[in-house]
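Contents: one structure, followed by commentary.
Remember, it's 1-based here, ligands and their atoms both numbered in the order they're listed. All values below were derived from every heavy atom in this structure, side-chain atoms included, with hydrogens, water molecules and symmetry-related copies excluded.
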Amino acid sequence: MGLKILGIDTSCDDTGVGVVELAPDGTVKVLANRVWSQTVHATYGGVMPELASREHVERIDSILGEALAEAGLSLGDIGAVAATSGPGLVGALLVGLMYGKGLTQALGVPFYAAHHLEGHIYAAASEAALSAPYLALVVSGGHTHLFDVPQSGEYVLVGATKDDAAGEAFDKVARLAGLGYPGGPAISEAAKQGDPNAVMFKEPLKGQKAFDFSFSGLKTAALLAHRAGAAPADLAASFQRAAVQFLVGTTVRAAESYGRKTVVVSGGVAANAALREAFAATGLKVVFPAKGLNTDNGAMIALAGAAALHTGRAASPLTVGAEAYAPLTAVSHRSA
Ligand code: KG4
Ligand code: ZN
C-alpha cells in the first residue's frame, strides 16, 4: 500500500482536486481527478479574478468530497497534501493553498507547495516514469514555455513565447472565426472538415537561433484571412497546422541542440490530436499526460507532490504564500 497524496489546484478558473498513490519504488497511480470548470466568466469574455476566488471557496469542499469518493478513500487515508502556490491569480491561489494547509494541520500530515508549471510537467508521470534528462514543453492558455530538465527538479528555461500563449492564440482565432470557446477543442474539431493548405501562414520567428515562440503574427494573418472570406473550417485547419509545425519544429531543434531524446508535452494544448500526431512522427520519445490531465487539474499537483516526496524533498513551511508570478527556474530544487 502506497502513500496517498491529495493535490489541489485553484490557480485560475478551475477548482481541481486529485488523489494519487505513490508506491515505495516511485511508481504513481492516479486514483481520482475531479475538476469544477467555472462557468461564471463566460459572459465577461475573460476570467474575473474576484468571481474565481468566490467560486473556489464555494466549490472546493464538494470537489474534495467527489475526489475522495472516486478514490474510495476517506480523509484519514491521506498521507500528504500538495497545493499550487503560484503562478496564478493570487486570490484564487489562496483558496486552495489555505485549504490545503488547513487540511495538513487537521490531519497531521506534511504539506507541499507546488509550482503550477511543475504540476503540468508531472501530469505526464501519469503515463510514463519521468526520468531526467528531458525537455518539457508546457503549452496552455497562459503559458508557452520550453524547459530543459537536466536532472529531476532542475529547470532551465530554453524558450518562451514573446507574446500570446499557444492556447490563447487558439482561443482568439476560434473566436474571430466564430467557432466558440474554449478555442482549442473548437479549432481541432472544425479542422477535421477544413483544408490545411487553404490559408498560407508565414513561419513565426523564421531563422531564429533561439527557441522562442510567437503567435501574434499567426493571429494577425488569421484575422486578415477571415476578413478576406476564408471559411472557418479552412482557417481552423490551416492555423492549426501552422501552430503545430512551429511548436514541434522549435522543440525538435532544441532537442537536437541540447542532446535530449525525450520530450514531455503538457498543458491544455497538449490535448490537441494534430500536435500529438506531429510529435509522434519526430522519432523522439514523447510523453503526454493521460486524458483529463492536460488542462488544469489537482491530480497533476498531487503528482508533483509525489515527485517531491519520492526524491526526499523537505515539506514546505506553512508560511509559504501565494505568488502571482513565479518563474519555475527560480524555484528549482535539486534532489540532493
Ligand atoms: O492548461 P489549461 O487548462 O490552462 C492554463 O493553465 O492556461 O489550458 C487551457 C488552454 C485553452 O487555451 C484551450 O483552448 C487549450 O488549452 N486547449 C487546446 C485543446 N484543448 C484545450 N488547444 C488546442 N487543442 C486542443 N484540443
Ligand atoms: Zn495550467
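- Ligand 1 has a nitrogen or oxygen under 3.5 angstrom from a nitrogen or oxygen of Ser140.
- Polar contact check, Ser188 against ligand 1: no nitrogen or oxygen pair lies under 3.5 Å apart.
- The closest side-chain donor-acceptor pair between Asp61 and Tyr99 falls under 3.5 angstrom.
- Of all the atoms in ligand 1, the ones that sit under 4.0 Å from a non-hydrogen atom of Asp171 are 11 (C), 12 (O), 13 (C), 14 (O).
- The backbone and the side chain of Asn272 each have at least one atom closer than 4.0 Å to an atom of ligand 1 (non-hydrogen atoms only).
- A donor atom on one side chain and an acceptor atom on the other are not found under 3.5 Å apart for Ser216 and Asp164.
- Interface atoms of ligand 1 facing His116, defined by a heavy-atom separation under 4.0 Å, are 6 (O).
- Protein atoms of type N/O/S that fall under 2.8 Å from the Zn ion (ligand 2) number 3 in this view.
- Here the side chains of Ile301 and Ile8 are not in contact, with every heavy-atom distance at 4.5 Å or above.
- Close contacts between ligand 1 and Ala271 involve ligand atoms 26 (N) [criterion: under 4.0 Å to a heavy atom].
- Using modelled atom types and a 3.5 Å distance limit, the side chains of Asp14 and Gln38 yield no donor-acceptor pair.
- Using bins of under 30°, 30° to 60° and over 60° for the plane-to-plane angle, the ring pair His116/His143 lands in the tilted bin.
- With Val263 as the fixed residue, the side-chain contact (heavy atoms from CB on, under 4.5 Å) test singles out one of Val248, Leu135, Val252: Leu135.
- Checked by distance only, ligand 1 and Gly142 come closer than 3.5 Å through their nitrogen or oxygen atoms.
- Here is the list of ligand 1 atoms found below 4.0 Å of a heavy atom in His120: 1 (O), 6 (O).
- Where the criterion is an N or O separation shorter than 3.5 Å, residue side chain and backbone included, Gly268 meets it with respect to ligand 1.
- At least one N or O atom of Asp296 sits closer than 3.5 Å to an N or O atom of ligand 1.
- In this structure, of Pro87, Gly141, Ala186, Ala191, the residue bringing a heavy atom nearest to atom 9 (C) of ligand 1 is Gly141.
- Of the options Glu55, His56, Glu58, a side chain to side chain donor-acceptor pair (under 3.5 Å) to Thr15 is made by His56 and by none of the others.
- We find that Arg313 and Glu118 are joined by a salt bridge, their nearest charged nitrogen and carboxylate oxygen being less than 4.0 Å apart.
- Counting only non-hydrogen atoms, the option in Gly184, Ala169, Pro185 that gets closest to atom 23 (C) of ligand 1 is Gly184.
- For Phe170 and Phe215, the ring centers are positioned 6.0 Å apart or more.
- Inspection of the Asn197 and Arg241 side chains reveals an N or O donor paired with an N or O acceptor under 3.5 Å.
- Checked for salt-bridge contact, Lys29 and Glu21 miss the test: no charged N lies under 4.0 Å from a carboxylate O.
- You'll find the side chain of Leu275 reaches within 4.5 Å of the side chain of Leu247, heavy atoms only.
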